[in-house]
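Below is one structure, written out as structure tokens; comments come after it.
If you're wondering where the values come from, they're calculated on a predicted model, not measured in any experiment. We name chains A, B, ... by the order of the sequence lines, and we start the count at 1 in each one.
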Amino acid sequence: MPDRETHLIRVVNRDQSFKCAEDQVLLVAMERMSTDAISVGCRGGGCGVCKIRILQGDYECKRMSKAHISEEEMQQGFVLACRVFPRTDLDIESDHYQAPESSYQIEAARMVAG
Amino acid sequence: MRKGVMRPGHIQIRVLDVEEALKHYRDLLGLIEVERDSQGRAYLKGWTEVDKFSVVLREADAPGLDFVGYKVLDNQTLEKLHGELVEYGCNVEEIPAGELNGCGRRIRFDSPTGHMFEIFAEKEQTGKWGLSPVNPEAWPRGLTGMKATRFDHCLLYGPNIAGTLDLFQKVLGFELAEQVLDPEGTRIAQFLTVGMKAHDVAFIECPDPGKLHHVSFFLDTWEDVLRAADLISMEDVSLDIGPTRHGLTHGKTIYFFDPSGNRSEVFCGGDYHYPDHEPVTWKAEDLGKAIFYHDRVLNDRFLTVLT
């Protein structure tokens, strides 16, 4: 992959960075670099777990679940990292997924399982 | 007590792109593509299924579950259950015959967990794909991918699974085959059946209504599950977990995601249920082992990633 097609992705809130090619989505590039700067869910634009905000830079985006990214949020740079192809270096902020209130089941299991 | 609901009939799944989804459900899972309707929905089936279709893909701006349909014995049963659903207090809607190509009139109703279900009595039967009904061969040539044999069940997440259990038991005649109970005896997971299978539908308690955890397809052998895992790697498909075995139902399984983030399962084996069987119980404190029998640890992604 020639250098000109690879971009540096800086995850400012985690103080981490990774490289991503133009034909790769951010989340997959991050996973291949073995970093954990962005939380990984379905990798298909459906579950919302990898929600990030792009603070600076150009990108293209495949269709994402409206249940997690509204039109208004898209205007503000919110995206799902599994659907985003970088076109320049990017500054991003991860950890924007807000899980529904912890489900009873998981809380209960954690408490009793220690 | 059984009420004339026979078996799962169909599931309609929302996807972000139908063409991409077909690469998953047809080319990877190996379902047979039956047809497209005037709304652009894609109809598919597993090769052993006698019905014309069992899986419907609808393009939408958010993935997830539209509805699950169950087949009842006959139109008389459909009418009787229609009345009972109204009486029970469900919001009930009649969907005219032909709204799904080849399917008769459907009775659609909501549930406490926020999922939409349907019952129907008639659907065109085209027979097992590629096999003669007389002296059928063991399997048809020309299958692709994982060669999934049938749509088997789905696992749904939502609030008040106790309410949905009551509806499914009292009105529809499902039986509780397996459950997870916390130390106070509160049920946090339930596996329901209308036949001999360990589950025809399952529910896990979750505050978000109407969520889809996975749609499951049956394979014959553990070797087939391993081969499915190979295909997931070959095609660079988003893997969730597996191959492994569940404690619950004891099925041998692998989980992965469709291109819109809906979780798929292919599995083989598993327990059976007769109407006189007490529910099998797993303790919530052993939920790790209940879900992943070998790892015996909870996996956050498996528990929380939903569409």
Side-chain angles (χ1 to χ4, degrees), chain A residues 21 23-32 36 38-52 60-74 78-85 95-114, chain B residues 14-17 20-21 24 59-64 157-159 161 180-184 186-189 204-212 236-240 255-264 283-291 296-298 300-307:
Chain A
D23 61 353
Q24 257 185 330
V25 292
L26 299 189
L27 193 71
V28 166
M30 184 217 68
E31 285 193 278
R32 296 225 165 120
D36 59 355
I38 307 170
S39 299
V40 179
C42 70
R43 308 183 187 89
C47 73
V49 167
C50 66
K51 187 172 179 177
I52 60 170
E60 282 178 39
C61 211
K62 284 179 71 175
R63 196 172 190 180
M64 300 172 287
S65 173
K66 280 265 165 38
H68 295 288
I69 304 285
S70 65
E71 290 288 349
E72 191 186 351
E73 283 180 307
M74 265 182 79
F78 288 102
V79 290
L80 300 181
C82 63
R83 307 296 270 183
V84 174
F85 300 92
D95 301 324
H96 277 283
Y97 176 63
Q98 293 198 325
E101 270 178 61
S102 285
S103 86
Y104 174 80
Q105 162 233 337
I106 295 161
E107 280 306 300
R110 283 215 182 94
M111 277 163 59
V112 288
Chain B
R14 294 189 302 273
V15 296
L16 296 172
D17 182 312
E20 275 191 5
H24 180 87
E59 192 163 299
D61 61 15
Y157 273 46
I161 62 169
V180 179
L181 299 179
D182 75 4
E184 284 76 48
T186 304
R187 191 175 295 108
I188 59 176
I204 287 184
E205 187 77 25
C206 155
D208 259 5
K211 301 303 263 185
L212 172 65
D236 203 18
V237 169
S238 176
L239 175 70
D240 190 25
Y255 288 92
F256 48 106
F257 294 99
D258 82 6
S260 306
N262 298 302
R263 192 186 276 96
S264 300
K283 296 176 177 179
E285 53 266 46
D286 299 319
L287 192 62
K289 186 175 178 181
I291 297 178
R296 285 166 279 149
V297 290
L298 293 175
D300 259 355
R301 186 167 64 209
F302 188 80
L303 292 172
T304 57
V305 170
L306 307 168
T307 55

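Every residue meeting the side-chain hydrogen bond (donor to acceptor under 3.5 Å, both in side chains) condition with B:R263, not counting sequence neighbours, appears here in chain and number order: B:H213, B:D240. A search for side-chain hydrogen bond (donor to acceptor under 3.5 Å, both in side chains) contacts involving A:E71 returns A:K66, not counting sequence neighbours.
Heavy atoms of B:L306 lying under 4.5 Å from chain A belong exclusively to its backbone. Only the backbone of B:A60 comes within contact range of chain A, with at least one heavy atom under 4.5 Å from a heavy atom of that chain. Neither the backbone nor the side chain of A:V28 comes within contact range of chain B, judged by heavy atoms closer than 4.5 Å.
The aromatic rings of A:H96 and A:F78 stand perpendicular to each other, their planes meeting at an angle above 60°, with 30° marking the opposite boundary.
Salt bridge A:E31/A:R43: present, at least one basic N to carboxylate O contact under 4.0 Å.
Ranked by heavy-atom pairs under 4.5 Å with chain B, the first of A:I69, A:V49, A:V40 is A:V40. Contact count versus chain A (heavy atoms, under 4.5 Å) is highest, among B:G288, B:A62, B:G64, B:A189, for B:A62.
For the residue pair B:T307/B:N262, the side-chain donor-acceptor check at 3.5 Å is satisfied.
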